[in-house]
Every structure is written in C-alpha cells, then in structure tokens.
There are 4 protein chains.
Amino acid sequence: MSKPLRADARRNRERVLEAAQDVFAAEGVGAPTEAVARRAGVGIGTVFRHFPTKEALLEAVLVERLRGLAEHARAAYAEPDAGAALFGFLEHVVAQSAAKNAFADALAGAGVDVSSVFGEVRAELLGAVEALVLRARDAGALRPDVGPVEVVAVLVGASHAARWAPEAARARTVAVVLDGLRAKR
Amino acid sequence: MSKPLRADARRNRERVLEAAQDVFAAEGVGAPTEAVARRAGVGIGTVFRHFPTKEALLEAVLVERLRGLAEHARAAYAEPDAGAALFGFLEHVVAQSAAKNAFADALAGAGVDVSSVFGEVRAELLGAVEALVLRARDAGALRPDVGPVEVVAVLVGASHAARWAPEAARARTVAVVLDGLRAKR
Amino acid sequence: MSKPLRADARRNRERVLEAAQDVFAAEGVGAPTEAVARRAGVGIGTVFRHFPTKEALLEAVLVERLRGLAEHARAAYAEPDAGAALFGFLEHVVAQSAAKNAFADALAGAGVDVSSVFGEVRAELLGAVEALVLRARDAGALRPDVGPVEVVAVLVGASHAARWAPEAARARTVAVVLDGLRAKR
Amino acid sequence: MSKPLRADARRNRERVLEAAQDVFAAEGVGAPTEAVARRAGVGIGTVFRHFPTKEALLEAVLVERLRGLAEHARAAYAEPDAGAALFGFLEHVVAQSAAKNAFADALAGAGVDVSSVFGEVRAELLGAVEALVLRARDAGALRPDVGPVEVVAVLVGASHAARWAPEAARARTVAVVLDGLRAKR
DNA sequence: GATGAATGAGGTTTCATTCAT
DNA sequence: TATGAATGAAACCTCATTCAT
C-alpha cells in the first residue's frame, strides 16, 4: 500500500516499536512517549512521525504482539504430536507473557479498543490457531466443543491468571486453566 | 484506628467510592479525579480529603471490590451443595465482572501495586474462599491439588477471558476455564 | 446564566483578559499563552481554566475590545453636535487602535472566525453606533446611504490604513478615509 | 547578483512561491511550511533551499504581491481617462484582495516586519502609483493633498474594510472609502 | 539539486494536588 | 468540613530547520 520506507526509516520504525514494547511492559501504558523515544535512541519527533498519536503506537505494539503469536502458532504446527503442538504453544505463550509482563497489560490497558485493532491480524492469528485446533481436536486432545476463538480467549485468561498468582502457585494455576481445554478422557 | 467520621462525612466517603468504581470502570483508571468528584456530586477537594492521593483512591476501590468478593464467598457458603456453592460463586463473580467491566480493569490498571493493597483484605478473601474450597474438595467437586490461592487466580483469569471473548463465545469460554478446577471424573 | 464567579476568580479572569490584550498587542497573536499567564501573574492553568483553548482567549479579547467600542460609542452620544459625536468617536478609536496596535492585529489574526465571535456583542456595538449614525444623518453630517454596518467596516479600514501609513502621512490618511463618510456638501 | 538558476530550479522556485501564496491565503500565515511543499509538489528540503527561513518565504510572497500591484498600476496607465485609470486600479485591487483573501492577511500577519520588506519594491510600487496619482490630480479627479503614500495606505484600508463588511454591504463600503480620495467637486 | 526522515525546542493542554474562601 | 479556583509539572503533539541519502 504505502510506498516502502527508506532503509533508515524502516530501521527506526522497528527500533521505536521494540522500545515501546519494552517501556510499556516495564512501566505500564501510562509511560510517557518520550521515554520510548529515549530508549529507542531517537528524537521524540521521530516517534510521532511513525505513529501519529500515542494510541496509534499502543495499537502497533499490540498488533506486533499478536503477529508474533500467530507466527509462534504456525511454527508450533511443525511438532508432529497434535496435542503437544497446541498445548506447547499455549504454555510457551503464557510463560513468555508472564515474564515480559506486557501482553496482559497492553490488552487490558485502558482506552485501547481491542476489537478495532484486530482488523487484519485477527484473521491471521485465528487462522494459525485454527490449524492447531483442528488437528488437536481430531487427535482427541482437545475438547470438541471449542474453536480457535475460545482457545485464544482462554489463552488471555491464562496469562492474566499467571500474572496474578504468586510465584509458587503460578505453574499449577496455568496448568489448571489450560486443563479445561483438554478432552475429558 | 481513625476516629469515627461524622455522619455526613461517612456518607460522602461512600458516594465517592461508588462514583470512583463507576468512573474507572467506564473510562479506565486514567480518568481524571475530577470526573469522580462530579459523578459523586461533591467538590474535588472532598475527594482528596478522604483519599489523599489518586493511588489511594484506586486502592480503596480495589479493596472494596475484594471485600465484596469475600462477602459473596461467605454468603455462598449457605448453599448446602458444596460444589454448587463454590462454582456458583465463581460464575456469579465472573458474570458480574464482565458486565461491570471493572474488576479486570482495576486490577490490570498500570501503577497499582496489587500485592501492597492486599494487606488486610487478602486474608479476609482467602479465608472466605478457603472455606468453600475445603468443603468442595472434601465433597470431591474440586481438584484436590488446588487451594484458595489458585482458585482466586483462576477466577481472575476467567474474568479476563470473559472480557476478551466475543459475546457469542463468552459462556463457553468461562465454562472451559472453570472446568479446569473440577475434579477429574 | 453561569453562576456568578467567586470574587477572586472574577478578579483573575479580568487580569488574564487584560494581560492577553497587552501581550497579543505587543507580540502578536502568536505569542505563547504562557506569556499571558506570566504577565497576569497567575499560573498557566488558571488561564486555561477561564479560557479552555487559546482560541477562546483570543475571542474573549476581541469581544472585550468590541464591548469597549460600544461603550465608547454610547459615551460619545453625550456630545450635542451630531457630526462631532460620530466623527469624534471614529477618530478617537482609530487613534487608540493605531497606538495599541492591537485591534487591527486581533481582527486580522489568522484563525479567528470573526463572524462567530460576533454573537452577542455585534448587536450591542451596532446598536450603539446606529444611534450616532441616525442622528448624524438627520443632521446632514453623514452620507445618507450608509448605515452602522458600513460605518463599522470603514472604521476597521481606517484603523488598518493608519497602521500601514508612515507616521508623517497617518493623520491625512485617516482624514481621507473618514471623509468618505461625510455627506457631500 | 545571484548566479542565474538552472532552468528546473527556477521553475521550482516559482512553483513554491505560487503554492505559498495559495496556502498562506487559505490557511493563514501559521500554516506549516510542509503544506506549501506539498501543494508545490516538491520536497520540503527544496522549499528551504530556495528560501532559507519561513520568514524569508513570507517576505518573498509579500514582495511578489507588491510587485504584482506595481505591474497592475503600470498597466492601468494605459487607460486614457486619468480618473478611471486610478480608481479602476484601486477597485480592481480591492476586489481581487477580498476574493483571494490573501493580501490583507499577509500584510497583517504577525511577525513580518513590513518596512524591511519594502526595500526594493517600495520604490517600484510607489513610482507606478505616483504616475497615476499625478495625472489624476492634474485632471482634477483626485484630492490635491494626497500623494502615492496616502493612496496606497487607503488602498490597504479599503481592502480590510471589504474583508470585514458583510457581503451585502461590501460594495458600498469600498465605494465610501475610495470616495474619500476624490476631489471635492 | 532534490528529497524526506530526523531532530528537539517549544506550544497547547491536562490533571493531581494544594489552599484560600 | 466542603468547595472549587489556582498551581505548575509534565504530557502530547507540531513544526522550522538540518542533513544523510
């Protein structure tokens, strides 16, 4: 669509996005945009050139994160065991989310209209998860009455549960939540 | 601790708290304190007289909510069926949270140090939940390896999952998450 | 309409308005709002409490100025000689405008939608000028084909002409412009 | 003075100047320089290559406009009727100014030091107007006590008066102002 | 010469908090 | 005690200007 960015511009855009990820993860979405600029090593004007409002930046971070999830899901498909593929993917994402503290925050952050962001990435993510879901369902490793939408929602719930649980109870808590997805033996 | 407030002062405190609940739920924790004052029908000075900082107000909202949860849990104990008591409590809370859009938001709101808030109410909430948990476990309605801490964490996760899921998938999503808590077969 | 301001608030509002008049006159409408605050001896927040945007402040200055004109016009009516009343008023205003350098600037300042500002004051000003106009017309001192609207427009033109003319030619220039209003002998 | 520009550079300079005229007329002198570049269809760097500061660009626009006036005045000299030549010129300029909304704005724009701009063009404009003035004075069509300086100042005033007057009163208002220049019968 | 990305000072505006009324 | 006006730090955002491509 938009003409391809100049090489340096593209590099900066990525640096800003990465910095935003880190900063918002560490300090919450209320962190000043200037902190993002500082961490990216660019002037504040550069941030606003690439993302014309703070909300746009927040959305971009979220989109990036969802894109990453989709990629992960696609990669997980390589695992031959259908159940392991799906649940391995879910566990990995939850672990990473809890560690980086960002996914949950960004999603729940006030003001970001999640559904509007979804536009393009939604299809990509759900598609990738669906592949895992269908195979796992066929293999009898997944409750037959849930589809990709429910799986992603449960994933979100698991991430939040992990963040809330004290360290000692975290692993068991996540296991419990994800267990709900498994087919009754 | 603090000297008993005059009757009108106590009433104001409650009105402010209620207004804060509504406003932060509807507009996110970034909403200006003055919006809370307006909704409570008091001057902004009154808000700050009762809650010396915005963070204190946020904490009070959270505490209030947790206290409400604890009360709910205690009330649920009246239900004779142990399983129904626990799961009825959980479902009710999730439904209410999703509807009021508040619990999840307040918890995830950036900057509120959840653990510090817990001080007093933590014991109260966990105690009330524990009563439900022990009985349900004895009755074979709950996985034997989870305690009140995990149950509350799963509750948080379920609330978030419900908020994230599209309307049509919400009920099933919640059922799935809570299902993880039930004893196998 | 709006409840009467507290005494101190009213005093501040006036100080801000006065300061804005001075600052914009001296440095142009592009002067920073903070300069207005400084000159008024108040915090910048106070300026924005009274005038929620810079444009609102600009409009208020203009309204104030027009109100001043109207008052002047009413005062001029006391002069018994009908012609002297009208032309004395016009000359006085032009002289003052050129000196304070503000009227012309404020009017021509980009972005201020003059017509929208007029709302209330327009009637007040035109009414006051009309009184002078009618009497002067009856006395044969004014062209019979012009009304208050034309007179005010000519007044604006004369102010600008005065600002543009070099010092030496100023008086004659103004005389020429206002002469256009006199009845042909 | 400056070495002759390459053909394409000269063309760019002209396009920028024209664009600046339009943009500043339409959006006021506060319009961003980038808007000028966009309208001219060149990069912003090109604008700054030709006009090292925004103020220089503003001045160039003004000079261009004054040069246009001078040219107009010279062309008007062709008209044999001395009075018609002068007043036709003045009326035409006012009409054009009001229509393009630009002359008045550019002149009144804050920050432009009008006198400094005048340097070269001043003589050119006054010279051209003087020719019209002298002939008109000799022909008894112009007040004998005004020279080119006053005439130009009145022209400025008439333009502003026209801009201020409501549509219906515009023609009469301009007539009134310019009438002041005519010799008393 | 032309381009447009980068810069960062500075402008407008918001909002938590204080304090005179 | 309650009020809401005042405060000013800090947030978001713009834009004149520079400079690598």
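Just so it is clear: chains get the letters A, B, ... in the order the sequence lines come, proteins before strands, and each one is counted from 1.
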**Request:** Please figure out whether Gly41(A) or Gly45(C) has its closest DNA chain E nucleotide nearer the 5' end.
**Result:** Gly41(A)
**Stem regions touching DNA chain F, defined by at least 3 consecutive Watson-Crick or wobble G-U pairs below 3.5 angstrom** = E:2-21 with F:2-21
**Request:** Could you tell me whether the side chain of Thr53(A) reaches within less than 4.5 Å of the side chain of Phe48(A), counting heavy atoms only?
**Result:** no
**Item:** Atom-pair distance (CD1 on Ile44(B); C1' on dC19(E)), nearest Å
**Value:** 13 Å
**Request:** Check whether any side-chain nitrogen or oxygen of Asn12(C) sits under 4.0 Å from OP1 or OP2 of dA5(F), and answer yes or no.
**Result:** no
**Euclidean distance, atom CD of residue Glu34(B) to atom P of dG4(F) [Å, nearest integer]** = 9 Å
**Message:** Using side-chain heavy atoms (C-beta onward) and a distance below 4.5 Å, is Glu59(C) in contact with Leu62(C)?
**Reply:** no
**Message:** Tell me whether the side-chain N/O atoms of His50(D) come closer than 4.0 Å to OP1 or OP2 in dG1(E).
**Reply:** no
**Asked** Is a salt bridge present between Glu71(A) and Arg67(A), judged by a nitrogen-to-oxygen distance below 4.0 Å?
**Response** no
**Request:** Mind calculating the distance between CZ (Arg10(B)) and P (dA2(F)) to the nearest angstrom?
**Result:** 13 Å
**Prompt:** Base, sugar-phosphate, or nothing: which does Thr33(C) touch, judged by heavy atoms less than 4.0 Å apart?
**Reply:** sugar-phosphate
**Message:** Judged by each residue's nearest nucleotide on DNA chain E, which is more toward the 5′ side, Gly43(A) or Phe51(C)?
**Reply:** Gly43(A)
**Request:** Rounded off to whole Å, could you give me the CZ-to-C1' distance for the Phe48(A) and dT14(F) pair?
**Result:** 10 Å
**Residue Pro32(C), side-chain heavy atoms: nucleotide from dA16(F), dG11(E), dA11(F) that is nearest** = dG11(E)
**Message:** Whole angstroms only, please: what is the CG-C1' distance between Asp8(A) and dT3(E)?
**Reply:** 12 Å
**Asked** When you measure from the side chain of Lys54(C) to the backbone N and O of Pro32(C), does any donor-acceptor pair fall under 3.5 Å?
**Response** no
**Under-4.0 Å side-chain N/O to phosphate OP1/OP2 contact, Thr46(A) with dT7(E)** = yes
**Message:** Within the 4.5 Å heavy-atom criterion, are Val121(C) and Glu124(C) side-chain neighbours or not?
**Reply:** yes
**Asked** Closest nucleotide of DNA chain F for Thr53(D) versus for Val42(C): which of these residues is on the 5' side?
**Response** Val42(C)
**Asked** Taking side chain as C-beta onward, heavy atoms only, is Phe51(A) less than 4.5 Å from Arg13(A)?
**Response** yes
**Asked** If we only count heavy atoms from C-beta on, is the Leu57(D) to Val16(D) side-chain gap below 4.5 Å?
**Response** yes
**Message:** What is the separation between atom CZ on Arg49(B) and atom P on dC19(E), rounded to the nearest whole Å?
**Reply:** 13 Å
**Asked** Between Glu27(D) (CD) and dC15(F) (C1'), how many Å, whole number?
**Response** 14 Å
**d(CG, Leu57(B); C1', dC15(E)) in whole Å** = 14 Å
